[in-house]
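Input: a single structure, listed below in structure tokens.
Keep in mind that what you see is a predicted model, and the values were worked out from it rather than measured. FYI, the numbering just counts along the sequence from 1.
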Amino acid sequence: MRCQKCGADIPEGKIYCERCGNAIQMVPDYNPDEDFTVGAEEREKQSVSKETLPASVPWWRRRKYRLAGICLLVTGILAYQISFRFVFRPEETVTEPAEVDLPAKPEFGIRPGTYSYSPHLTISHEEINNGEIYYTTDGTTPDEQSTLYRSPIFVGEGTTVVRAVFVRNDGVQSEEAAGTYQVEFQYPEEPVFSMPAGSYSSSFSVTITAEEGCKIYYTTNGEEPGYQSRVYRGPVYIPEGLTVLQAVSADEDGGMSGIVEAIYDVSGSREVPETETGNDSS
């Protein structure tokens with residue numbers, strides 16, 4: 001401590017200055033500005049306390065405020081969780097569509113491949129009583145507007161692509177079944193006539209031969225021979241006049257040879273044998 005008068009150091013416990021004899025003032029000088037400041041701070045604290053929670057508010061209303069605050073807090077938490085789940089994580093709310101039970105594919109009666117004859121293709125399905133089979137043979141995609149299957153499909157010579165679907169009565173369509181069929185006929189050789197075409201002075205008979213196992217069909221009226229023509233069973237009599245003899249041979253698988261033709265011009269005449277006349281019938 002220093003003396004307020006001469007500034008000399010005063011030892012602790014002394015009540016006067018040893019240099020100048022001035023008594024030490026123990027109570028600080030009064031400062032009216034400081035007193036005003038302290039009073040103003042105290043008044044401000046009291047004012048804030050009264051505005052925040054008036055002393056006149058009863059205890060039950062104070063508890064009511066607390067309960068309201070707790071309810072608002074809980075409501076805010078729940079609202080945040082719900083909004084986060086449905087807005088920020090929408091993938092959790094997406095419902096996956098139920099799987100549709102598709103019917104099986106139609107089944108073909110014969111396997112796709114290469115054949116030396118024209119097969120008849122059947123198409124079946126295990127639920128045929130609950131729907132219909134539709135198919136195409138022109139390469140287009142089958143649907144309910146395509147050909148309705150009712151009987152076996154004739155597969156002709158060449159390449160045929162068969163595509164089929166099964167449509168259930170409830171409108172559900174199966175996956176497509178498809179098969180490629182190649183029909184390549186092994187045609188028999190053309191039949192052979194025993195007499196060449198030309199002019200003759202008298203009537204005669206012509207013998208026709210073909211491969212073993214083949215039937216011979218022939219005509220003498222200029223029409224093309226086929227399955228509806230006469231079946232060769234013996235020599236064919238060529239009478240006087242102009243005769244156009246045509247013949248084909250057909251194997252067991254339905255393959256038919258090309259047509260062979262001979263034109264005979266007979267100017268003379270002779271007696272017709274009975275055996276030749278009888279063999280000219282079908």
Side-chain angles (χ1 to χ4, degrees), residues 85-86 89-191 210-219 223-232 246-259 282:
R85 179 178 180 183
F86 290 95
R89 301 177 65 183
E91 67 277 2
E92 296 184 358
T93 63
V94 176
T95 302
E96 295 183 358
E99 294 184 0
V100 179
D101 181 21
L102 294 178
K105 296 179 182 180
E107 296 182 357
F108 294 161
I110 58 175
R111 294 181 179 180
T114 302
Y115 294 84
S116 60
Y117 62 94
S118 293
H120 287 76
L121 175 64
T122 59
I123 308 177
S124 60
H125 196 275
E126 58 186 12
E127 298 182 60
I128 193 60
N129 294 329
N130 297 322
E132 301 287 356
I133 297 174
Y134 298 88
Y135 73 94
T136 63
T137 57
D138 57 359
T140 59
T141 302
D143 54 26
E144 291 184 85
Q145 304 302 318
S146 303
T147 304
L148 178 63
Y149 177 80
R150 282 287 181 258
S151 59
I153 304 169
F154 176 78
V155 181
E157 184 179 9
T159 301
T160 302
V161 179
V162 182
R163 304 171 66 179
V165 293
F166 175 78
V167 180
R168 206 161 51 197
N169 292 336
D170 58 5
V172 178
Q173 180 175 304
S174 72
E175 294 183 0
E176 178 184 301
T180 301
Y181 297 88
Q182 184 73 31
V183 177
E184 298 177 353
F185 291 140
Q186 296 179 355
Y187 297 105
E189 295 181 358
E190 295 177 353
E211 293 181 15
E212 184 178 357
C214 292
K215 286 185 177 181
I216 300 174
Y217 299 89
Y218 74 97
T219 60
E223 296 182 357
E224 291 187 357
Y227 292 109
Q228 304 303 320
S229 304
R230 295 177 179 179
V231 179
Y232 178 79
Q246 293 179 303
V248 295
S249 59
D251 57 24
E252 296 177 352
D253 295 328
M256 185 172 289
S257 72
I259 299 174
S282 57

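Between the Ser118 side chain and the Val155 main chain, a donor and an acceptor come within less than 3.5 Å of each other. Judged by distance alone, with hydrogens and angles left aside, the side-chain atoms of Tyr135 form no donor-acceptor pair with the main-chain N or O of Ile123 at under 3.5 Å. Not a single donor-acceptor pair under 3.5 Å links the side chain of Glu176 to the backbone N or O of Arg163. A donor-acceptor distance shorter than 3.5 angstrom exists from the side chain of Asn169 to the backbone of Asn130, with no hydrogens or angles considered. With Ser249 contributing its side chain and Glu189 its backbone, the two residues share a donor-acceptor pair below 3.5 Å.
At least one side-chain heavy atom of Val162 sits under 4.5 Å from a side-chain heavy atom of Leu121. Residues Pro191 and Ser257 are in side-chain contact: their nearest non-hydrogen atoms beyond the backbone lie under 4.5 Å apart. Contact of the His120 side chain with the Ile153 side chain is not registered, since no non-hydrogen atoms from C-beta on lie closer than 4.5 Å. For the pair Gln182 and Glu157, the minimum side-chain heavy-atom distance is 4.5 Å or more. Side chains of Tyr187 and Asp251 form no contact here, defined as non-hydrogen atoms less than 4.5 Å apart.
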Q: Under the side-chain contact (heavy atoms from CB on, under 4.5 Å) rule, what do Tyr181 and Thr159 come out as? Steps first, then yes or no, please.
A: CA-CA 6 Å; Tyr181 297 88; Thr159 301; over 6 Å; no
Q: Carefully, step by step, assess Met256 and Tyr227 under the rule side-chain contact (heavy atoms from CB on, under 4.5 Å).
A: CA-CA 9 Å; Met256 185 172 289; Tyr227 292 109; 3.4 Å; yes
(Q) One pair to check against side-chain contact (heavy atoms from CB on, under 4.5 Å): Gln173 and Val165. What are the steps and the verdict? (A) CA-CA 7 Å; Gln173 180 175 304; Val165 293; 3.9 Å; yes
Q: For Leu102 and Val172, run side-chain contact (heavy atoms from CB on, under 4.5 Å): C-alpha distance rounded to whole Å, both residues' side-chain angles, the deciding distance at 0.1 Å, then the answer.
A: CA-CA 7 Å; Leu102 294 178; Val172 178; 3.7 Å; yes
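Atoms OG and CD, on Ser174 and Glu127 in that order, are 9.5 Å from each other to the nearest 0.5 Å. The OG atom of Ser146 sits 13.0 Å away from the CD1 atom of Ile133 when rounded to the nearest 0.5 Å. Separation of atoms CG (Leu148) and CD (Gln145) is listed at 11.5 Å; rounding is to 0.5 Å. Taking CD from Glu223 and OG from Ser229, the interatomic distance works out to 7.5 Å, rounded to the nearest 0.5 Å. Distance check, rounded to the nearest 0.5 Å: CG of Asp170 to CG of Asp101 gives 9.0 Å.
Using cut-offs of 30° and 60° on the angle between ring planes, the pair Phe166 and His125 is parallel.
Of all the heavy atoms in Glu190 and Ile259, the pair that sits closest is OE2-O, 4.1 Å. Between Gly179 and Pro112, the closest heavy-atom pair is CA-CG, 3.6 Å. Considering every non-hydrogen atom in both Pro188 and Cys214, the closest pair reads CB-SG, 3.7 Å. The two residues Ala247 and Tyr218 make their nearest non-hydrogen contact at CB-CB, 3.9 Å.
Checked for salt-bridge contact, Lys105 and Glu126 miss the test: no charged N lies under 4.0 Å from a carboxylate O.
No more than 12 heavy-atom neighbours from other residues, nucleotides or ligands sit within 6.0 angstrom of CD on Glu175.
If you look at Tyr149 and Tyr134, their ring centroids are not closer than 6.0 Å.
Side chains of Thr160 and Thr137: no donor on one and acceptor on the other come within 3.5 Å.
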